[in-house]
Amino acid sequence: MAYAPQDPVRAALWDGLVQAIGHQQWPIPEAMTLTPPPQEEQGDYATNAALLLARELRQPPMEIAQRLATALDRRSLGLASVEVAPPGFINLRLLPQTFTSALPGVLAKGEAYGQVDLGQGERINVEFVSANPTGDLHVGHARWAAVGDSLCNLLAFAGYDVTREYYINDAGRQIDLMADSLEARYRQLLGQSAEIPPDGYHGEDLRALAQELIDRQGDVLLAEDPHVRHDFFKAWGLQRKMAVIREDLEALGVHFDVWFSERSLYEGKEVEAALDQLRRRGALYEQDQAVWLRTTAYGDDKDRVVIKSDGSYTYFAPDIAYHRNKLERGYDRLIDIFGADHHGYVPRLRAAIAALGYDAQRLEVLIGQVVRLFQDGQEVKMSKRTGRLVTLRELTELVGKESARYFLTMRSINTALDFDLDLARTQSNANPVYYVQYAHARIASLLRQAEQSGETFHASQADWSLLGEGNALAVVKAVLTYPDVIAEAARARAPHRLNAYLYELAGVFHAFYNQNRILGQALPLTQARLGLSILVGQILRSGLRILGITAPEQM
RNA sequence: GCGCCCGUGGCUCAGCUGGACAGAGCGUCUGACUACGGAUCAGAAGGUCGGGGGUUCGAAUCCCUCCGGGCGCACCA
């Protein structure tokens, strides 16, 4: 933990610890932690400060721990006990009121609770999905859509100025292949014999598009000049495919701020400008009639072609221009989310940025592993070539947006995601989405009930100190952790941690609710329990919103 | 062959900028409301963290090596 905790209680303790170390004229260890110890009996928090200082000071850790323990101001920190444990941990136990007295502050923050200033307004551009408009979005894209969008929400909540961007590959060979494939479908549907090009697209979606075209204007295109016809298929197909992509993403609750056209880079001469910049910096050379970028100078395995021997650009060339464009737009940091099948592309991209003269550290690439679909215990195989694949749209329609978003973000992106279609569809305790949502619905119901019985919540009537033990205290602690979860998840670019936290929060709340009658108690107690429930509801709403999942009032 | 990711209880995973006897969920077994929603809760069994070395006061976490799985190694995108 290289930075102070965000949790109000832990933060105060952290400051006290830092002060105590300072008093001894000792340095604050970079890797100092303040976390719950493994055993509950050991206290509420433990720090490894003495262990770390021991190395630096060359003194026995137990002695250092002892001195720190005595130096801590127990009263002002709300400590109940401070113990030193071998090999040099300092275990801290807080008075229950130290926790509960933080609750009014949390309540006062309202929906803003959990916001942290990790980003300090840093401008960050997150590019994700960016699927070619040549076919439907599949489940892999769905994962990046959900993860990317949630990550953006998370970063924004953590104090970054975030832009969500989709790069449209509307130039180049693939789009021509799409046009030719669409034309082939068009001809086939009109009874002509036509072949989809060898590397073309065989998906059903293009057949449907062709049919749509015929329904609208019949076979008039057949009479057109081939070039005009090709351009039409290209432009129209692109426009239609992008519309569908937007709709599909929308259905998953994913919105982009910028839809960036690759073609605009050509039109604005930016590809040439980028290559000129590289040339001026001496990073380009010619060989075998092709133009190469010396990416090996910046850590890549081999140099890469930017202009092919036939004079056309590789995919890489406009992509260099694209990243240059993003940097020139003033973003402090760029995040690209790629599928694992593109990870080999990262070194050259990074090299290109360095070759252009920018700090390659400004580019962060998140590599995500594949999604495997399971149904009836069997893997559902996907294949783009045969056109047999489960689309993002099918997935959303099958399991619903809520389930889809939760399941797609629940795992670390480093792990292949096994998506159990049956589980995602069940409305039972096996499905974690419902577990979390149910907690929220339950709280909403509780508040409705309170309204009816005239026990409306008034913060001034609550005696928070009554929440200082058992299940209630567990909920209090979970509530206080939220800002740190946000900070940690944002820092690690790991939205799945939020899923885990919300599940845990829902869990401790369910336990609390089950064991404690909330309404109809003595006023200060009912009010305190009601207040705690409100806080949990507030956090669930906040967290679920980040994940793009609704927090239902009833289910 | 080289590179990246993964290998944690029956299953799916968390934890991995090192911290004290490894955590969840599902599944299995045993229990709990004639008061706020049982889509809930309480409890039990189950793992020498793929194998082997090393670094360290301390390793699931770092390094080396081996084994297994996924992905990638284009003048395709």
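Here is the naming used below: chain letters follow the sequence lines, and residue numbers restart at 1 for every chain. Below, each value reflects all heavy atoms present in this structure, side chains not excepted, and no hydrogens, waters or symmetry copies.
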Sub-4.0 Å heavy-atom contacts from residues 311-320 of chain A onto RNA chain B, ordered by number:
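Going residue by residue through residues 311-320 of chain A, the ones with a heavy atom under 4.0 Å of RNA chain B turn out to be A:Thr314, A:Tyr315.
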
At a heavy-atom distance below 4.0 Å, what parts of residues 167-175 of chain A sit against RNA chain B?
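A:Arg173, A:Gln174, in order of number.
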
[X] side chain to [Y] main-chain N or O, any donor-acceptor pair under 3.5 Å?
X: A:Asn132; Y: A:Thr134; result: no
X: A:Thr456; Y: A:Ala450; result: no
X: A:His440; Y: A:Pro552; result: yes

Between A:Gly344 and A:Arg348, which has a closest nucleotide on RNA chain B that is more 5'?
A:Gly344

Along RNA chain B (nearest heavy atom to each residue), the more 5'-positioned of A:Asp310 and A:Val370
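It is A:Val370 whose nearest nucleotide is closer to the 5' end.
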
Would you say the ring centroid of A:Trp259 lies under 6.0 angstrom from that of A:Tyr166?
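Distance test on ring centres: under 6.0 Å, yes.
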
Below 6.0 angstrom between ring centroids: does that apply to A:Phe374 and A:Phe419?
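Judged by ring-centre distance (under 6.0 Å), A:Phe374 and A:Phe419 do not meet the cut-off.
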
Under 4.0 Å, counting only non-hydrogen atoms across every strand here, what does [X] touch: a base, just sugar-phosphate, or nothing?
X: A:Ala439; answer: nothing
X: A:Gln39; answer: base
X: A:Ala54; answer: nothing
X: A:Ala450; answer: nothing
X: A:Gln289; answer: nothing
X: A:Arg497; answer: sugar-phosphate
X: A:Asn499; answer: nothing
X: A:Ile367; answer: nothing
X: A:Ala416; answer: sugar-phosphate
X: A:Asp301; answer: nothing
X: A:Ser453; answer: nothing
X: A:Gln437; answer: nothing
X: A:Leu417; answer: nothing
X: A:Pro37; answer: base

Do the side-chain N and O atoms of A:Thr409 and A:Asn499 include a donor-acceptor pair separated by under 3.5 angstrom?
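Short answer, yes.
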
Under a 3.5 Å threshold, yes or no: a donor from one side chain and an acceptor from the other, between A:Glu402 and A:Thr550?
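Side-chain D/A pair, A:Glu402 to A:Thr550: present.
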
Atom-pair distance ([atom1] on [X]; [atom2] on [N]), nearest Å:
X: A:Tyr406; N: B:G25; atom1: OH; atom2: P; answer: 12 Å
X: A:Gln369; N: B:U12; atom1: CD; atom2: P; answer: 16 Å
X: A:Lys302; N: B:C73; atom1: NZ; atom2: P; answer: 9 Å
X: A:Tyr45; N: B:G19; atom1: OH; atom2: P; answer: 18 Å
X: A:His343; N: B:G70; atom1: NE2; atom2: C1'; answer: 11 Å
X: A:Tyr345; N: B:C73; atom1: OH; atom2: C1'; answer: 15 Å
X: A:Arg350; N: B:C4; atom1: CZ; atom2: C1'; answer: 13 Å
X: A:Phe89; N: B:G19; atom1: CZ; atom2: P; answer: 9 Å

How about A:Gln287: does its CD atom have over 12 heavy atoms from other parts shown lying under 6.0 Å from it?
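Above 12, so yes.
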
Using a cut-off of 6.0 Å, state whether more than 12 heavy atoms not belonging to A:Glu469 lie near its atom CD.
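Open.
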
Below 4.0 angstrom, N of the basic side chain to O of the carboxylate: do A:Lys234 and A:Asp170 qualify?
no

May I ask you to say whether A:Asp303 pairs ionically with A:Arg348, meaning some side-chain N is under 4.0 Å from a carboxylate O?
no

Measure across A:Leu544 and A:Leu502 and return the closest heavy-atom pair with its distance rounded to 0.1 Å.
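In this case the closest contact between A:Leu544 and A:Leu502 is N-CD1, 3.8 Å.
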
Any idea which heavy atoms bring A:Ile320 and A:Ala274 closest together, and the distance?
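The pair with the smallest heavy-atom distance is CG2-CB, 4.4 Å.
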
Is there a donor N/O on one and an acceptor N/O on the other, under 3.5 Å, for the side chain of A:Ser445 and the base of B:C36?
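Under the 3.5 Å cut-off, the side chain and the base do not form any donor-acceptor pair.
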
Record whether the side chain of A:Arg491 comes under 3.5 Å of the base of B:U17 through a donor-acceptor pair of N or O atoms.
yes

I'd like to check, for A:His342, whether its ring lies over the base of B:A77 with centroids under 5.5 Å apart and a plane angle smaller than 30°.
yes

Does A:His496 have a side-chain nitrogen or oxygen under 4.0 Å from the phosphate oxygens OP1 or OP2 of B:G15?
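Answer yes for this pair, as a side-chain N or O of A:His496 is under 4.0 Å from OP1 or OP2.
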
Please determine whether a side-chain nitrogen or oxygen atom of A:Tyr501 lies at a distance below 4.0 Å from atom OP1 or OP2 of B:A24.
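Result: no.
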
5'-to-3' dot-bracket of RNA chain B (Watson-Crick, G-U; under 3.5 angstrom; crossing pairs as [ ]; | other strand):
(((((((..((((.....[...)))).(((((.......))))).....(((((..]....))))))))))))....

Member of A:Glu364, A:Lys326, A:Glu165 meeting the side chain to side chain contact (heavy atoms under 4.5 Å, CB included) criterion with A:Asp336:
A:Lys326

